[in-house]
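Chain naming here is simple, since letters A, B, ... match the order of the sequence lines and numbering starts at 1 in each.
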Protein chains: 2
Amino acid sequence: MWQRAVVYAALLAGGTLALQWLDYQRLARAHSGAAYVLLIAVAFLALGVFLGANAFGSPGRRAFDGNPKAEGALGISPRELQVLHGIAAGRSNKEIAASLEVAPNTVKTPVARLFDKLGAKRRTQAISRARELGIVP
Amino acid sequence: MWQRAVVYAALLAGGTLALQWLDYQRLARAHSGAAYVLLIAVAFLALGVFLGANAFGSPGRRAFDGNPKAEGALGISPRELQVLHGIAAGRSNKEIAASLEVAPNTVKTPVARLFDKLGAKRRTQAISRARELGIVP
DNA sequence: ACGCCAATCACCCGAACGGGTGATTTGAGG
DNA sequence: CCTCAAATCACCCGTTCGGGTGATTGGCGT
């Protein structure tokens, strides 16, 4: 995205300089200079708006892909992540176990380990922590 | 915010035109015109970036103000909302009761009513539903 | 006046959870 | 080979939660 914007900027700047050079003789006459400068200003304003919106805007529109850094730092395993998403979706251990096709007792182990890793005492706190860390949306 | 940007734009445009007019004589000489045009272009590019970022960017930076429509439609009372925020923050009934300065038994009533209104069977599900509805961030 | 609703609170009891014990299996790495 | 960690699972037992019962009070609308 930044590469594309840089290309656009280079093209526009290059075009501007080229026109400047070719029209240098005309620029010295009448009032055409003021209109020309305004045209440049408007063009660059539009480019700036485009760049600003794309560079700084709409982070929410990107697909959520978790926070692999935090997951790695906390040592969250793939299974723990699966269980965490089940918890955050509002499901009980029993329901999570059913969807993972394991016994309910089995779910309790990654749950307990998630609590340790997230510093949580209960499910709701684990969700809250995971959201702060960007691990769940 | 838009008003401020418009003021900035008007000032910059006005300043540009004033300089244009005052320097019209100088513009007809040497290469100073190319440098001048580039200066204008850069200034408007910066303004554009600023406008773009603020107009289209960072929706997350706005203060979260809930979803009063959904709250009203579901009939969620101010107390219930307080309790919901406590739940979403990962707190136990006991902790929520302490912060609201009521008995733990008292918290259970709005909790139960939130579950009814959100169609939830447990706290985690209530959080999930409330987030879907935009009631909690 | 009455009815409704929210808020407060107590209590009963079952379910789910969560901390703890333990066991086994598997796979990766040294 | 050994060690370690993850995953699987069972069980014990205490805590929290949640559905239910009930009561009282206060505010608002009819």
So do [Y] and [X] actually touch side chain to side chain, heavy atoms under 4.5 Å?
X	Y	value
B:Leu74	B:Ile135	yes
A:Glu80	A:Glu71	no
B:Arg91	A:Gln125	no
A:Leu100	A:Arg79	yes
A:Asn93	A:Val83	no

Checklist line | First of A:Lys108 and B:Pro110 reached from the 5' end of DNA chain C, by closest nucleotide | finding: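 Closer to the 5' end of DNA chain C: B:Pro110.
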
Next item on the list: Would you mind telling me which residue lines up with the more 5' stretch of DNA chain C, B:Pro78 or B:Pro104, judged by nearest nucleotide?
Entry: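 Nearest-nucleotide comparison on DNA chain C picks B:Pro78.
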
Checklist line | Closest to side chain of A:Ala112, choosing from C:dG19, D:dG19, C:dA16 | finding: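 That would be C:dG19.
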
Please report the distance, rounded to the nearest Å, between [atom1] in [X] and [atom2] in [N].
X	N	atom1	atom2	result
B:Arg122	C:dC17	CZ	P	6 Å
B:Ile87	D:dT16	CD1	C1'	13 Å
B:Leu114	C:dA7	CG	C1'	13 Å
A:Asp116	C:dG18	CG	P	12 Å
B:Arg113	D:dG19	CZ	C1'	15 Å
B:Lys121	D:dG20	NZ	P	13 Å
B:Lys117	C:dC5	NZ	C1'	9 Å
B:Gln82	C:dA7	CD	C1'	11 Å

For [X] and [N], is the shortest distance between a side-chain N/O and OP1 or OP2 below 4.0 Å?
X	N	result
A:Arg123	C:dG18	yes
B:Thr106	C:dC9	yes
B:Arg79	C:dT8	yes
A:Asn93	C:dA16	no
A:Ser77	D:dA5	no

Next item on the list: Scan A:Thr109 against the nucleic acid and name what it touches under 4.0 Å (heavy atoms): base, sugar-phosphate only, or nothing.
Entry: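 Base, at least one base heavy atom under 4.0 Å.
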
